[in-house]
A.B. asks: 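Take a look at the following structure, please.
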Amino acid sequence: MSSQIDHLLDEGRRFAPSPAFAAQANGTSDLYKRAAADREEFWADQARDLLHWHTPFTQTLDWSNPPFAKWFDDGQLSVAYNCLDRHVEAGNGDRVAILFEGESGDERRITYAELTAEVKKAANMLESLGIGHGDRVAIYLPMIPEAAIAMLACARVGAIHSVVFGGFSADSLRSRVDDAAARLVITADGGYRKGRVSPLKPAVDMALADRGTGPQETVEHVVVVKRGGNDIDWTEGRDLWWHDMLEQADAEHEAQPFPAENPLYILYTSGTTGKPKGVVHTSGGYLTQAVFTNKYVLDIHPDSDVFWCTADIGWVTGHTYVVYGPLALGATQVMYEGTPDTPHPGRWWELIQKYGVSILYTAPTAIRSFMKQGRQIPQQFDLSSIRLLGSVGEPINPEAWIWYRDIIGGGEAPIVDTWWQTETGAAMIAALPGVTDAKPGAAQVPLPGISVDVVDETGHQVPNGKGGLLVLTEPWPAMLRGVWGDPERFKETYWEKFADQGYYFAGDGARKDEDSEIWLLGRVDDVMNVSGHRLSTTEIESALVAHESTAEAAVVGAKDDTTGEAVVAFVIIKESYLSAHSPEGLAGTLRQWVSQQIGAIARPRDIYIVSELPKTRSGKIMRRLLRDVADGREVGDTTTLADTAVMSIISAQVK
Ligand code: PRX
């Protein structure tokens with residue numbers, strides 16, 4: 001790790017924003033001054049300035065019962081009204097909200113007036129199904145406008161949505177539906193991916209199949225958007241077509257205000273145990289920071305920019321930078337259903353040219369895979385509309401950063417590398433593009449009103465240049481309010497490690513450079529980051545050992561040139577299976593199995609069949625040593641192993 005850090009810190013290039021960019025930027029250095037003068041008042045000003053409040057708040061932050069924060073608690077607002085009606089009322093109903101492009105080339109331009117009308121009907125549909133304040137709705141959809149409409153309709157009636165990424169398996173959907181006790185699932189027959197229709201409804205059917213002696217089914221209805229046109233099974237009485245329901249729904253729906261702390265959504269994310277955590281976000285504080293960062297970090301000017309965040313709505317980036325942030329700001333954005341290389345590898349650049357995208361926000365994995373394909377692909381398109389680039393989800397290596405700026409940004413566009421998490425709700429560490437000199441590879445500085453530090457195991461600040469743990473030292477408006485149904489897990493995961501100081505522990509390693517700017521160094525726990533998506537080693541291990549052939553399994557994140565990290569599994573197979581199957585056959589079966597159990601993103605890149613796993617005397621698997629093997633490094637210190645010979649056996653077996 002340390003040679004990697006030293007290499008990073010050798011990076012000495014700085015890129016100041018051009019005077020022209022700085023002159024038009026929304027964010028100025030004044031924001032830092034105002035936030036430093038009075039942090040809470042700063043956020044109160046932002047909340048008043050950026051949002052419409054049905055009932056203005058008089059209290060800013062209530063931190064009397066940490067770690068349970070309340071922001072703007074006595075205020076009332078409607079998240080949906082802020083994202084929709086208010087733009088129409090302000091005379092911007094004809095502005096395009098969503099420029100939708102299907103994978104197969106179908107287009108829809110949806111104005112704010114049209115989007116508002118659709119959400120009103122969808123809200124009436126929800127109410128006709130008895131869904132209202134506090135009910136949970138699972139959303140399992142492709143990247144189509146109905147995803148945003150469904151989310152906003154939930155917000156409009158005060159229901160809590162739980163979006164489940166369409167790439168997750170029936171089992172993953174089932175566990176999320178159960179944990180939240182969802183009453184409704186909104187899905188589609190299928191969506192387009194990689195040139196084909198990829199069915200979704202069968203996974204819902206499987207997830208909701210007869211529960212036998214299991215828990216009581218909470219789901220009363222499944223609303224199905226017709227998208228793929230694929231044949232699907234239909235359960236009479238339970239399943240309903242979205243288009244039928246909307247056709248029958250009343251067109252008028254007045255947005256009700258809800259308290260600022262009304263839960264807006266649950267989003268499940270992997271932790272260090274096998275069970276994903278339902279991260280809970282509420283309304284007023286979340287929306288404030290969502291709009292704040294879209295305006296000042298991504299520098300969106302709603303009347304002139306075309307924004308494109310490439311994230312799927314199944315991830316938090318899709319919540320904050322596709323749905324809530326850009327829409328509350330009144331921005332125009334591109335939404336694309338498919339994969340970047342369908343039907344040709346220049347698809348993204350073609351869309352940028354077609355729609356005149358001016359701000360692109362994407363993940364380093366995508367940038368690295370484009371780099372591999374070569375600059376000649378983007379160079380076939382006119383990308384001159386691009387004026388700002390954003391990066392999110394994983395550390396961006398300086399080489400990819402420079403390529404991004406030169407090839408996609410015309411050698412001029414500032415890049416904002418934004419560090420944040422599902423739990424933080426919105427960007428926390430990032431440059432202000434008109435103010436900060438950009439440094440390739442660093443997330444750089446906490447945003448105005450955000451307090452960050454790098455500390456040692458005891459919570460003491462480490463000097464610049466030394467690695468440590470990233471903490472957030474003060475509450476922030478978009479912070480998670482808890483883990484659904486599990487306050488103990490919330491405290492334990494994020495707040496216990498630095499309970500004396502009252503810091504939030506992010507689970508990331510970091511280091512400050514000589515300018516006190518922050519470089520992220522990856523996770524310090526058993527969480528991997530594959531293509532910017534969080535996966536838990538334990539969750540994949542549980543899936544592997546659930547297969548009848550597996551006796552034991554250990555999973556690590558190994559370095560990968562494209563995806564940042566890749567899943568590598570070491571598996572001990574039961575004797576009876578070993579004799580009857582080839583190692584290649586078993587590895588293939590297990591890869592497929594993990595994909596079915598969790599989803600394709602969790603499928604291990606490599607599976608090594610071994611006879612032993614390295615364990616300490618207390619039986620804990622030493623993943624550090626397995627990571628050395630997976631990365632092809634010399635194996636580190638083995639003295640704490642119960643059996644020190646184990647690593648040479650494993651090394652020989654994986655060759
Ligand atoms: O390790 C950090 C990494 O992604 C984790 C959060 O993952 P998730 O909750 O899925 O949210 C991803 C989208 C915000 C963090 O703990 N991470 C996120 N952004 C960056 C990053 N690592 C380095 N640089 C970033 N810009």
Side-chain angles (χ1 to χ4, degrees), residues 167-176 178-179 203 206-207 212-215 268-277 489 493 523 525-530 533-558 565-630 641-643 646-647 649-651 653-654:
F168 276 132
S169 65
D171 275 355
S172 299
L173 175 63
R174 172 81 265 168
S175 63
R176 285 160 175 77
D178 277 348
D179 189 73
M206 226 188 293
T213 53
Y268 288 85
T269 187
S270 296
T272 49
T273 71
K275 186 171 177 273
K277 300 180 285 248
R489 192 167 178 199
T493 312
R523 301 288 306 187
D525 53 12
D526 291 334
V527 171
M528 292 169 287
N529 190 328
V530 179
H533 299 311
R534 249 155 93 169
L535 293 170
S536 139
T537 52
T538 332
E539 199 180 346
I540 302 176
E541 283 166 7
S542 314
L544 283 166
V545 294
H547 191 268
E548 54 189 8
S549 69
T550 310
E552 266 191 89
V555 166
V556 297
E565 279 187 288
V567 180
V568 174
F570 296 81
V571 181
I572 303 179
I573 298 288
K574 288 178 191 155
E575 237 0 274
S576 52
Y577 277 85
L578 258 191
S579 45
H581 300 86
S582 72
E584 297 74 29
L586 284 165
T589 307
L590 288 175
R591 276 224 285 286
Q592 184 60 21
W593 170 257
V594 173
S595 199
Q596 276 164 11
Q597 295 289 300
I598 302 174
I601 50 164
R603 185 193 293 133
R605 182 190 71 186
D606 304 316
I607 291 191
Y608 295 118
I609 297 190
V610 294
S611 56
E612 310 267 358
L613 289 173
K615 290 187 187 152
T616 59
R617 280 170 206 100
S618 61
K620 193 173 173 325
I621 294 175
M622 292 194 68
R623 291 199 181 80
R624 168 174 67 77
L625 300 176
L626 293 174
R627 230 174 278 137
D628 290 341
V629 175
L641 282 180
D643 172 2
V646 148
M647 285 317 295
I649 300 173
I650 294 177
S651 299
Q653 285 171 333
V654 304

A.B. asks: Looking at residues at least two apart in the chain, or sitting in another chain, which of them share a salt bridge (Lys or Arg N to Asp or Glu O under 4.0 Å) with D525?
C.D. replies: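 Applying salt bridge (Lys or Arg N to Asp or Glu O under 4.0 Å) to D525 gives R523.
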A.B. asks: Can you list the residues that meet the side chain to side chain donor-acceptor pair (under 3.5 Å) rule with S651, with sequence neighbours excluded?
C.D. replies: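 Result, side chain to side chain donor-acceptor pair (under 3.5 Å) vs S651: none returned.
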A.B. asks: Salt bridge (Lys or Arg N to Asp or Glu O under 4.0 Å): which pairs involve residues 581-610, sequence neighbours left out?
C.D. replies: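 Checked against salt bridge (Lys or Arg N to Asp or Glu O under 4.0 Å) - neighbours excluded - the pairs reaching residues 581-610 are D560-R605.
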A.B. asks: Only pairs at least two apart or in different chains count here, so list each ring-ring contact (aromatic ring centres under 6.0 Å, His included) that has a residue in residues 536-558.
C.D. replies: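 ring-ring contact (aromatic ring centres under 6.0 Å, His included) check on residues 536-558 returns H547-W593.
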A.B. asks: Identify the heavy atoms of E612 and I650 that sit nearest to each other, and give their distance.
C.D. replies: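 Minimum heavy-atom contact is O-CD1, 3.2 Å.
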A.B. asks: I'd like to check the side chain to side chain donor-acceptor pair (under 3.5 Å) partners of S611; sequence neighbours left out, ordered by chain and number.
C.D. replies: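 Partners of S611 under the side chain to side chain donor-acceptor pair (under 3.5 Å) test: Q653.
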A.B. asks: What pairs meet the ring-ring contact (aromatic ring centres under 6.0 Å, His included) rule with one or both residues in residues 595-614, with sequence neighbours excluded?
C.D. replies: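 The answer is F570-Y608.
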A.B. asks: Can you list everything that forms a salt bridge (Lys or Arg N to Asp or Glu O under 4.0 Å) with K275? Sequence neighbours excluded, please.
C.D. replies: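 Partners of K275 by the salt bridge (Lys or Arg N to Asp or Glu O under 4.0 Å) criterion, ordered by chain and then number, come out as D179.
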A.B. asks: Could you pull out the closest heavy-atom pair between I607 and A587, with the gap in Å?
C.D. replies: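 Minimum heavy-atom separation between I607 and A587: CD1-O, 3.7 Å.
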A.B. asks: Side-chain donor-acceptor pairs under 3.5 Å in residues 536-543, sequence neighbours left out?
C.D. replies:
unit_1, atom_1, unit_2, atom_2, d
S536, OG, G271, O, 3.2
S536, OG, T273, O, 3.3
S536, OG, T538, N, 3.2
S536, OG, E539, N, 2.9
T537, OG1, D526, O, 3.0
T538, OG1, T272, O, 2.6
E539, OE1, S270, OG, 3.2
E541, OE1, R623, NH2, 2.9
E541, OE2, V555, N, 2.7
E541, OE2, R623, NE, 3.1
E541, OE2, R623, NH2, 2.9
S542, OG, T538, O, 2.7

A.B. asks: Main chain of F168, side chain of S172: is a donor-acceptor contact present, judged purely on distance under 3.5 Å?
C.D. replies: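 No, because the side chain of S172 does not come within donor-acceptor range (under 3.5 Å) of the backbone of F168.
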A.B. asks: Can you tell me how far the CD1 atom of I601 sits from the CZ atom of R534, to the nearest 0.5 Å?
C.D. replies: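 Reported value, rounded in 0.5 Å steps: 12.0 Å.
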A.B. asks: I'd like to check the side-chain contact (heavy atoms from CB on, under 4.5 Å) partners of V545; sequence neighbours left out, ordered by chain and number.
C.D. replies: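 Expected list: T550, A553.
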A.B. asks: Heavy atoms only: give me the nearest P583-I609 pair and the separation to one decimal.
C.D. replies: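 For P583 and I609, the tightest heavy-atom pair comes out as O-CD1, 3.6 Å.
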A.B. asks: Taking only residues at least two apart or on different chains, which pairs with a member in residues 543-557 satisfy salt bridge (Lys or Arg N to Asp or Glu O under 4.0 Å)?
C.D. replies: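 Checked against salt bridge (Lys or Arg N to Asp or Glu O under 4.0 Å) - neighbours excluded - the pairs reaching residues 543-557 are E552-K615.
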A.B. asks: About how many Å separate CG of L625 and CE of M647, when rounded to the nearest 0.5 Å?
C.D. replies: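 Going from CE on M647 over to CG on L625, the span is 5.0 Å.
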A.B. asks: Are the side chain of R174 and the backbone of A170 linked by a donor-acceptor contact shorter than 3.5 Å?
C.D. replies: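 No: the side chain of R174 does not pair with the backbone of A170.
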A.B. asks: Who are the salt bridge (Lys or Arg N to Asp or Glu O under 4.0 Å) partners of R627, not counting sequence neighbours?
C.D. replies: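 Residues passing salt bridge (Lys or Arg N to Asp or Glu O under 4.0 Å) with R627: none at all.
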A.B. asks: For D628, which residues count as a side chain to side chain donor-acceptor pair (under 3.5 Å) partner, sequence neighbours excluded?
C.D. replies: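 Applying side chain to side chain donor-acceptor pair (under 3.5 Å) to D628 gives R633.
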